[in-house]
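Data first, discussion second: the structure below is written as structure tokens.
Quick caveat: nothing in here was measured; it's all calculated off a predicted structure. Every heavy atom of this structure was used, including side-chain atoms; hydrogens, water molecules and symmetry mates were not.
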Amino acid sequence: MTTALSHAVLKSRALISLSGEDWRDFLQGLITQDVETLAPGEARFGALLTPQGRLLFDLFIVGRADGAWLDVLAESRQALILRLTMYRLRAKVTIAADETPVAALFGEGPAPEGWIADPRLAALGWRGYGAATPADALEVDEAAYDAHRLALGVPGPADWGSEKTYPIEANFDLLNGIDFHKGCFVGQETTSRMKRRGQIKNRMLPLTFEGAPPAFDAEVLTGDRRAGEVLSGQDGRAMALVRLDRIDGDLTVDGKPVRVDRPEWLPL
């Protein structure tokens with residue numbers, strides 16, 4: 001964990017601008033997060049799901065005076081613009097790419113002016129959209145930010161992919177990424193049913209181990225039984241999608257011992 005403010009430009013992220021008199025109604029019926037009460041200078045975390053309820057695009061919705069920004073995975077921005085345009089129909093909303101840079105600020109210190117608190121977890125810090133970098137912040141690369149996120153046990157897009165994972169499996173329900181009271185959104189039926197019935201068998205949790213991370217998709221075993229699969233990681237730590245009923249025993253990956261390190265923010 002860092003002990004001073006660190007600043008990282010997030011080149012993996014990009015912005016989409018939404019404006020026009022219908023932008024709230026348009027977005028409200030699509031994504032997992034409520035935008036009716038979103039204020040300028042506030043960010044919320046959410047996703048656009050497939051009709052079957054799997055994660056398609058993760059996004060941060062950032063309130064602005066005349067609309068909103070969507071902070072999205074850069075490589076998926078054009079695909080999301082096309083998807084939103086398909087849904088637009090007759091809604092009076094303008095959808096366009098915006099080249100304002102995305103950055104993260106994390107570590108210890110007061111909230112700097114112009115930066116927006118990360119809505120997932122306070123310890124993640126702040127997100128900035130063209131905001132001035134504090135003079136005393138240490139410049140780091142995006143890998144350092146990913147290490148910070150991974151240390152907190154928060155999964156990212158490399159872990160859930162596209163059209164593979166249910167948002168609850170990626171802990172969106174515990175990271176303020178789903179509003180279960182807002183009304184309809186694409187994929188709501190499956191998402192709400194999983195939450196209501198408590199049928200959550202798998203979640204993303206961090207693993208700790210010695211040395212380099214195992215290969216993506218490597219099996220996590222408890223004895224000779226499958227307990228999950230490894231996702232993205234760095235030396236000594238990786239995310240994994242694991243069965244919650246099989247993580248209490250001795251776990252191995254490729255014959256080497258690993259351990260689930262459940263973060264404090266994630267209840268049993």
Side-chain angles (χ1 to χ4, degrees), residues 1 10 12-13 31-34 43-50 52-61 71-73 76 104 106 117-125 127 145-182 185-208 213 216-217 220 227-234 237-248 251 258-268:
M1 300 295 288
L10 303 183
S12 69
R13 308 295 294 187
I31 66 171
T32 62
Q33 187 54 259
D34 173 64
R44 292 180 182 172
F45 180 55
L48 178 64
L49 309 180
T50 67
Q52 296 76 31
R54 296 183 187 271
L55 280 165
L56 188 57
F57 303 101
D58 73 282
L59 43 86
F60 296 85
I61 312 97
D71 168 350
V72 304
L73 197 63
S76 301
F106 56 100
D118 192 306
R120 295 171 293 176
L121 197 66
L124 282 167
R127 297 180 82 84
Y145 174 73
D146 284 336
H148 171 69
R149 174 183 56 76
L150 186 57
L152 294 169
V154 177
D159 302 309
W160 54 70
S162 181
E163 301 188 57
K164 294 169 52 181
T165 306
Y166 293 108
I168 289 177
E169 292 179 331
N171 302 325
F172 273 57
D173 57 325
L174 304 177
L175 293 166
N176 303 311
I178 306 171
D179 188 323
F180 289 98
H181 305 290
K182 58 159 285 186
F185 56 84
V186 177
Q188 180 200 26
E189 182 178 353
T190 300
T191 306
S192 296
R193 185 170 61 247
M194 287 180 70
K195 189 70 169 180
R196 183 174 65 252
R197 294 182 178 178
Q199 295 176 339
I200 305 169
K201 297 180 179 179
N202 305 296
R203 279 197 184 271
M204 290 183 184
L205 294 172
L207 298 178
T208 59
F216 197 95
D217 284 341
V220 181
E229 63 188 57
V230 177
L231 304 172
S232 70
Q234 300 181 357
R237 196 171 180 88
M239 293 302 301
L241 181 63
V242 295
R243 283 188 50 160
L244 298 178
D245 61 345
R246 294 186 179 179
I247 60 174
D248 293 330
L251 302 177
V258 300
R259 183 177 66 86
V260 169
D261 183 19
R262 183 179 64 83
E264 293 182 358
W265 54 265
L266 198 153
L268 289 172

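- The side-chain heavy atoms of Val220 and Ile247, taken from C-beta on, include no pair separated by under 4.5 Å.
- The side-chain heavy atoms of Asp159 and Thr165, taken from C-beta on, include no pair separated by under 4.5 Å.
- Here the shortest heavy-atom pairing between Ala43 and Ala117 reads CB-O, 4.4 Å.
- Other residues, nucleotides and ligands contribute only 12 or fewer heavy atoms inside 6.0 Å of the CD atom of Glu189.
- With rounding to the nearest 0.5 Å, the separation of OG in Ser162 from CG in Leu73 is 9.5 Å.
- Ala158 and Phe216 get closest at one heavy-atom pair: O-CE1, 3.5 Å.
- Here the side chains of Pro267 and Leu174 are in contact, with some heavy-atom distance below 4.5 Å.
- When ring centroids are compared, Phe45 and Phe172 come within the 6.0 Å threshold.
- Residues Asp217 and Val230 form no side-chain contact, since every pair of their non-hydrogen atoms from C-beta on lies 4.5 Å or further apart.
- Looking at Arg44 and Asn176, their side chains never bring a donor and an acceptor atom within 3.5 Å of each other.
- Contact check for Pro167 versus Thr191: side-chain heavy atoms found under the 4.5 Å cut-off.
- Looking only at distances, a side-chain donor or acceptor of Trp265 sits under 3.5 Å from a matching main-chain atom of Leu152.
- For the atom pair CG of Asn202 and OH of Tyr166, the computed distance is 10.5 Å after rounding to the nearest 0.5 Å.
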* Going through the checks in order, is the side chain to side chain contact (heavy atoms under 4.5 Å, CB included) test met by Arg120 and Phe60? -> CA-CA 10 Å; Arg120 295 171 293 176; Phe60 296 85; 3.5 Å; yes

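- Between Leu49 atom CG and Asp58 atom CG the span is 11.0 Å, to the nearest 0.5 Å.
- Distance CG/Asn171 to CG/Leu205: 6.5 Å, rounded to 0.5 Å.
- With hydrogens and angles ignored, the 3.5 Å screen pairs a side-chain donor or acceptor of Lys182 with a backbone N or O of Gln33.
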* Asked: Hey, mind stepping through Met204 and Trp160 against side chain to side chain contact (heavy atoms under 4.5 Å, CB included) and telling me if it holds?
  -> CA-CA 9 Å; Met204 290 183 184; Trp160 54 70; 3.9 Å; yes

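- Note that CG of Leu55 and NZ of Lys164 are 11.0 Å apart. Values are rounded to the nearest 0.5 Å.
- For the pair Phe57 and Val72, the minimum side-chain heavy-atom distance is 4.5 Å or more.
- Arg196 contributes atom CZ, which lies 7.5 Å from atom CZ of Arg193 (distance to the nearest 0.5 angstrom).
- Ile200 has its side chain out of reach of Glu169: every pair of non-hydrogen atoms, C-beta onward, lies at least 4.5 Å apart.
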* What do the steps show when you test Arg203 against Ile168 for side chain to side chain contact (heavy atoms under 4.5 Å, CB included), and what is the final call? -> CA-CA 7 Å; Arg203 279 197 184 271; Ile168 289 177; 3.9 Å; yes

* Asked: Do Leu150 and Met239 pass the side chain to side chain contact (heavy atoms under 4.5 Å, CB included) test, and can you show the C-alpha distance, the side-chain angles, and the key distance before you say yes or no?
  -> CA-CA 7 Å; Leu150 186 57; Met239 293 302 301; 3.5 Å; yes

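- Nearest heavy atoms, Gly153 versus Pro206: CA-CG, 3.9 Å.
- Looking at Leu56 and Glu163, their side chains come closer than 4.5 Å, going by heavy atoms from C-beta outward.
- Thr32 places a side-chain N or O within 3.5 Å of a backbone atom of Gly177 that can act as its donor or acceptor partner.
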